[in-house]
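Report on the following structure.
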Amino acid sequence: MTLAGVPAISATANAAVGPVFVDGMAQPVFSTNRNDWIREEMWIETPIDSDGDGRNDRVHAEVTRLRETETAGLKSPVVYEVSPYYAGGNPITNHNVNHELHEALRPGKGWQNRGGSVKEPATDERLAATTATADAEEAATGTGPQPAISTSHESNWLPRGFAVVHAESLGSGKSDGCPTTGGRNETIGAKSVVDWLNGRAKAYDASGREVTATWTTGKVGMIGTSYNGTLPNAVASTGVEGLEAIVPISAISSWYDYYRANGAVVAPGGYQGEDADVLAEYVYTRADKQICQSVIEQLANAQDRVTGDYSAFWDERNYMNDVDKVHAAVLVAHGLNDWNVKTKHAAQWYEALKARGVPHKIYLHQGGHGGSPSLNVLNRWFTRYLWGYENGVENDPRALVQREDRTLVEYPEWPEPAAAATELNLAPSTDGTFGVLTDDKTRVGQPVTETIVDDASKRALALSDAVTSPNRLAYKSGTLTGAVRLSGTPLVSLRMSYDQPAANVTALLVDYDQNGKAKIITRGWADPQNRKSISKTEPVKPGSPYRLDFDMQPHDYVFQTGHRIGIVLLSSDYEYTIRPTPGATLHLDTTKSTVTLPLVGGTAAFTTANG
């Protein structure tokens, strides 16, 4: 059948009469011959001048569309990807992370001779997927930036009647303006392409002739991975008319949560020492290499690697602030083991969309960074919201989760509605090895204090496996007599004191198999100086106990029969946090510390399975 309201197309060789829909999906009935496609290059004018040259920035874009949009009056919706990576990247150095923490930076503490804020060579190029030194379970598995424009969108979507637009983010490739790592100008630049497709902005070809988009319906769907997926979130948060759907894959929803966590300076997995200024330097690939240097210097000053506090700088880069403006249908895709763009980005964005009644769906898989839903899933989404074909996708189960055995399971929603906050206690070790993770709320005798001696050179996985270590505390459940599923965000609430005015605190959720081998499922970090607010650092008085509440990264995971659920606490996390000189001692009051896990079936499920 054809879509009502779309002009019929004369039947010719390798050409369809019109868009065709079967099983709720647009079919590949248009020509796959690239010679039958029209290609255009243009520069779209934005309303901003982020490089201060006295002229509005222009975004470089390339359009690929069907010849039928010229010869037969077809109006195509658009699949649009914008990226700062199409022109590749520059050599970069990451910040040195081997130095003392804020409030411990004083004579004799090693700040001067350990590098301070000086940058050190990156451990790998930005294009690399993993670090050479990371443990297998902890390595980033990202696809990395694309060195050139991919043609997969054209081959997937043009035969189904869509047009495709690729654009280069401000400051990269042939675009004007400056890169700002998620700043407002980048959002406006990417949004201007949607405006042009709807007749609200002007574009020009290489000769200066104005180019118009008379061939489109004006309905746009944005898609992309990592930075390319973050820009769709940013543009959707403007509420721009014409953006009908987005598919953010491994996308950032708040840049603070990419480079910070609960007041702590925390790296994206695989890129220890990277920050907003480093990424801006990497993507600054426009021809003029001087005009944006002052802008990048401003990033370096404003990002604040000393306190890790949330500030106006990060607030500008927090798309959660404007989630109320989102009306585009959002299909979130994320790897459950993505330690580059961590799962909190997907979880908080998705939760906010749910709460506001925005059309939504989530796809969670067992991989790391990247990983798109299948073409069929994407097709149903774009067919419904770009072609406007009533295929009932809004009535499908909201969550598609790849389980540990790689099977895909549909759930009504995510997190699992039957998951309930399950508060567990930390019973101290009696033999110096592992304590007990228990739902027993009985408290007997005086408070019991256990200690952690910080050593940033020790890896989290090795500490989790260690039978005994002064550098970590570990607590295990009993051997599970049945499977227990976690779905959502684990929380920790710790009563701690410190022998120094600054310290890192790291919490791990661990799966111990039948042989006692550890697998880190998720983790979280916090700065005790931000115990009351991520926006305000408050000094820690050595020896005084403080309450520290913070989150781990959201997850969906099944602990199997015969395994044990573990909680491991340490101070510095070699792969992610600043690495101060070893020796700081943390004291945990186990009688006033808890962990809350979102378990399907809640406390009853834990009690039943906890052998």
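- One finds a salt bridge joining Arg459 and Glu575 here, because a Lys/Arg side-chain nitrogen approaches an Asp/Glu carboxylate oxygen to under 4.0 Å.
- Each disulfide bond (SG atoms under 2.5 Å apart) pair with one or both residues in residues 351-388, not counting sequence neighbours, would appear here, but there are none.
- Salt bridge Asp573/Arg523: present, at least one basic N to carboxylate O contact under 4.0 Å.
- Salt-bridge formation is not detected for the pair Glu62/Arg39: no Lys NZ or Arg NE/NH1/NH2 atom is positioned less than 4.0 Å from an Asp or Glu carboxylate oxygen.
- Using a 30° and 60° split on the angle between ring planes, Trp43 and His60 fall in the tilted class, from 30° to 60°.
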Would you be so kind as to tabulate the donor-acceptor pairs closer than 3.5 Å made by side chains of residues 240-250, with sequence neighbours excluded?
from: Ser250; atom 1: OG; to: Asp338; atom 2: OD2; distance (Å): 3.1
from: Ser250; atom 1: OG; to: Gly370; atom 2: N; distance (Å): 2.8

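- Listed by first and then second residue, the disulfide bond (SG atoms under 2.5 Å apart) pairs that reach into residues 233-328 are Cys178-Cys292, sequence neighbours excluded.
- Ring planes of Phe162 and Phe382: tilted class, angle from 30 to 60°.
- Judged by distance alone, the side chain of Thr181 and the main-chain N or O of Ala276 form a donor-acceptor pair under 3.5 Å.
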Decide yes or no on side-chain hydrogen bond (donor to acceptor under 3.5 Å, both in side chains) for Asn90 and Glu281, but give the supporting numbers first.
CA-CA 7 Å; Asn90 299 309; Glu281 287 179 353; over 6 Å; no

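- Under the 4.0 Å criterion applied to side-chain N and carboxylate O atoms, Asp51 and Arg286 are assigned as salt-bridge partners.
- Here the side chain of Gln303 pairs no donor or acceptor atom with the backbone of Trp314 at under 3.5 angstrom.
- Between Lys342 and Asp257 no salt bridge is recorded (no basic side-chain N to carboxylate O distance below 4.0 Å).
- Ring geometry for His166 against Tyr86 counts as perpendicular: the plane angle is over 60°, on a 0 to 90° scale with 30° as the lower cut.
- In this structure, Arg58 pairs ionically with Glu45, as a charged nitrogen and a carboxylate oxygen lie closer than 4.0 Å.
- Taking the charged nitrogens against the carboxylate oxygens, Asp309 and Arg260 have no contact shorter than 4.0 Å, which rules out a salt bridge.
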